[in-house]
2 protein chains.
Amino acid sequence: MLTKSSTELVRQQNSALVLAALRRSGNLSHTEISSETGLASATVSAITAELEKAGVLTKAEQQVQGGRGRPRVLFTPRRDHGHLIVVRISSDIVQYSLVDYGGTLLDRFDEVRNHDERGTAPFARSFVDALERLLQRSRLERDRVLAVSISSKGLVDGTSARLLWSPVFGREELDFAALLAPQWRAKVMLSNETLLVAQALAAQAERRPESGFRALAAISLGHSIGLGVARKSQSGELDVGAPNFGHMLHTPSAGLCRCGAYGCIEAAAGFYGILRAAFEVPADTIPAKFVPVTELDKIAASARQGHRMAGYAFRQAGIALGNGISRMLSLYERMPVHVTGPGIRYFDLMLPGIEEGLAQSMQVRLQGPPEIAVVADEQRLVFEGHLERVLGAIDGEIASAGIA
Amino acid sequence: MLTKSSTELVRQQNSALVLAALRRSGNLSHTEISSETGLASATVSAITAELEKAGVLTKAEQQVQGGRGRPRVLFTPRRDHGHLIVVRISSDIVQYSLVDYGGTLLDRFDEVRNHDERGTAPFARSFVDALERLLQRSRLERDRVLAVSISSKGLVDGTSARLLWSPVFGREELDFAALLAPQWRAKVMLSNETLLVAQALAAQAERRPESGFRALAAISLGHSIGLGVARKSQSGELDVGAPNFGHMLHTPSAGLCRCGAYGCIEAAAGFYGILRAAFEVPADTIPAKFVPVTELDKIAASARQGHRMAGYAFRQAGIALGNGISRMLSLYERMPVHVTGPGIRYFDLMLPGIEEGLAQSMQVRLQGPPEIAVVADEQRLVFEGHLERVLGAIDGEIASAGIA
DNA sequence: TTCATTTTCTCGACTGTCGAGAAAATAATT
DNA sequence: AATTATTTTCTCGACAGTCGAGAAAATGAA
């Protein structure tokens, strides 16, 4: 369904364009903005004047010296225009970061998660407390925070900021928007962790126009398995999603998954699945809550020394991933796959299985296997994805608001 | 990546909006267009005047009589603004239709396909000849044809109008754009058949705003299995795709598929798969090229009388579909499923298997099974989808072209 | 001090949307 | 038959936005 357009919307879109260009390339002069966005110089003047009046941009103090001619004055986002809080929830720790509108990190601390406590209520309390602490440490007023961006593994409803299913809380829902609504005016965003990885990688690819980016997938290997897909829609905007890949049906024989179903990809390719296969534990055993990496390192070592069952476990994990990726490609399209997460240390052991699992499908026979790249430093990518996403959302709101 | 906007683009978008409203609701008066689109009356005047000058719209001759006041004058697409050719390629016949810009059918004939001939060359010849014949029968000049819209089962590259894989030609590619490029000026569009079903159903759903349409899937059951997915993107536009569902990996034990791979959904749920299972033919037997419906009717009859293997064959087909649907839902999101195609006569026999196959996945356990509706009259829906798609594309081009 | 060069800023023209009210066309009423 | 009421279409001026061209500003080199 198309919607009506107007001259005001034109301004909105072009303001957003200017903000995005500044975001992408740091400080830009008037003429650089013009060439970057394709807007006429006069239009850039009008837009920057408006944004400057609204307190979103400033002229950067440090002039860049250079050749003759009138010196260029650089525009930059006003870092004190507002603040953002980024929360990265992982299985063992929760990381809280305070960031300014310019995207620079101001403060950060971790909290160890208590694995004994049950239910979401204690977590919700410590979450709210931690945000409060973050404010106090920087002597910041609550209303200066424009947005709180949260990430977790699991199934997420992005529009309403509700966590629908997660490895830790299971089916117990956690509504972050409702949690902060009474006190906080900030926009609350919740994203799947691997979606953010895909977002960050896609943003990187878009900065290299020669890469011809169209779509990519990110897979995170660890105790659980995550997938993020980023695709350019026909209108040119980025469409990012986090399918429920880890709990997509692989094959019922893969055994009991901690989600309660049988045969999820995770039950074969997650850490506990590999552990179970290596030790020949019956496949309907309740999965371990947490597997230390050292445990898996041992299995990997013996697999590399030729131990049969250890090797078999990793191979089965690979097949589950390969089949899953081939199914994903059947339902979307051919696209490169980026593999991250702690499990990449065992990637060499899984690769033969992945290739075997891929080769079974028609899609791969027809179009060839996808490019698979290993990407380290998942946590940095998640954080980058947070910034990309939350700053983009804030900029979009600013552009839409007009001078207000 | 955002792109720059301008006042001209505003006019384009709003022109497209007016054309779409007219398309949707038939003849509309000035004021009706205004309320339908949300545009101000003055804007509607400007746009309709421009489109009328360009020969796209006319004022309908037959005035609707009514109450007091100045009688409303209805706008309608000028039917002679151009013509469209719709080609529906199915396994046994090819249907050629001539349609005018108003969407009314002017001429139609079928050609029976010759199953003995090999390769794409003879087909390409008869295709070009048939288009020529369609012109002659209506004494139409070739350049009056604005677009040729073609549909087939199989894997399609919509942007370039190339058929990448099809049940009949296999891996032999068929480039319809290149085929018509020397002679025809018309825009050539190629779509997967089930994509068009999804498009038509989505258009119907969007006409009922109270249905709260967000996404839907269409599945076509027959000799092969097709899937179309239509989703509203966040920007509100309709995003339609045709995943390679029939040849998504189900389970290797499902046997040899006619695509050459093992374990495709089609190898279990397509007509030849059901036949093979019912007669206990070894699963690596080369599949039958064509199975008459009467043959399947017999198997269905004996299944309904309690014959074990016949019932088993339909159940296995159902499980393949159920598993496949659950995987599709894992990778997209929960959405209603519409089942069409000649195979719906056996839907009662497959439903238990479908439910079983669905129930195995975490997605369904968590969010419940999707609504499944049986929709008859697949061919009509395909044709509707053709019109929806090709007229939309033409209208979009007209709006973009300006007065030209 | 003047000139060349580069960047920023400003002005008028153009395109587009919108609201209000005039104009048109018909039915109902006097 | 003339007038009035009603409804729709059309037109005009105001306003928002972009664009190209050229003026103004600011600096290094001559």
Novice: Give the rounded distance in Å between these two atoms: CG of A/Leu51 and P of D/dG17.
Specialist: 12 Å
Novice: Could you encode protein contacts along nucleotides 5-12 of chain C as a string, one character per nucleotide from 5' to 3', using B for base contact, S for sugar-phosphate-only contact and - for no contact, with a heavy-atom cut-off of under 4.0 Å?
Specialist: BBBBBBB-
Novice: So, OP1 or OP2 of C/dT17: does either fall under 4.0 Å of a side-chain N or O from B/Asn14?
Specialist: yes
Novice: Rounding to an integer number of Å, can you tell me how far B/Gln13 CD sits from C/dT17 P?
Specialist: 11 Å
Novice: Does the pair B/Glu237/B/Lys232 count as a salt bridge with the N-to-O cut at 4.0 Å?
Specialist: no
Novice: Specify the separation, in whole Å, of atom CD1 of A/Ile47 and atom C1' of D/dC19.
Specialist: 12 Å
Novice: Can you tell me the distance, in whole Å, between the CD atom of B/Gln12 and the P atom of C/dT15?
Specialist: 15 Å
Novice: If we check salt bridge (Lys or Arg N to Asp or Glu O under 4.0 Å) with B/Asp100, which of these qualifies: B/Arg78, B/Arg79, B/Arg144?
Specialist: B/Arg79
Novice: Going from CG on A/Leu391 to CG on A/Leu84, what distance comes out if it is rounded to the nearest 0.5 angstrom?
Specialist: 5.5 Å
Novice: Rounded to the Å, how far apart are A/Glu8 CD and C/dT17 C1'?
Specialist: 8 Å
Novice: Establish, with yes or no, whether the OP1 or OP2 oxygen of D/dT18 is under 4.0 angstrom from a side-chain nitrogen or oxygen of B/Ser6.
Specialist: no
Novice: Can you confirm whether A/Arg142 is buried at CZ, in the sense that more than 12 heavy atoms of other residues, nucleotides or ligands lie under 6.0 Å from that atom?
Specialist: yes
Novice: What do the steps show when you test B/Glu388 against B/Arg23 for salt bridge (Lys or Arg N to Asp or Glu O under 4.0 Å), and what is the final call?
Specialist: CA-CA 9 Å; B/Glu388 193 74 36; B/Arg23 207 48 92 184; over 6 Å; no
Novice: Taking B/Arg24 first and then B/Glu206, would you say they form a salt bridge - that is, a charged N and a carboxylate O separated by under 4.0 Å?
Specialist: no
Novice: Grab the CG-C1' distance between A/Leu9 and D/dT18 for me, whole Å please.
Specialist: 15 Å
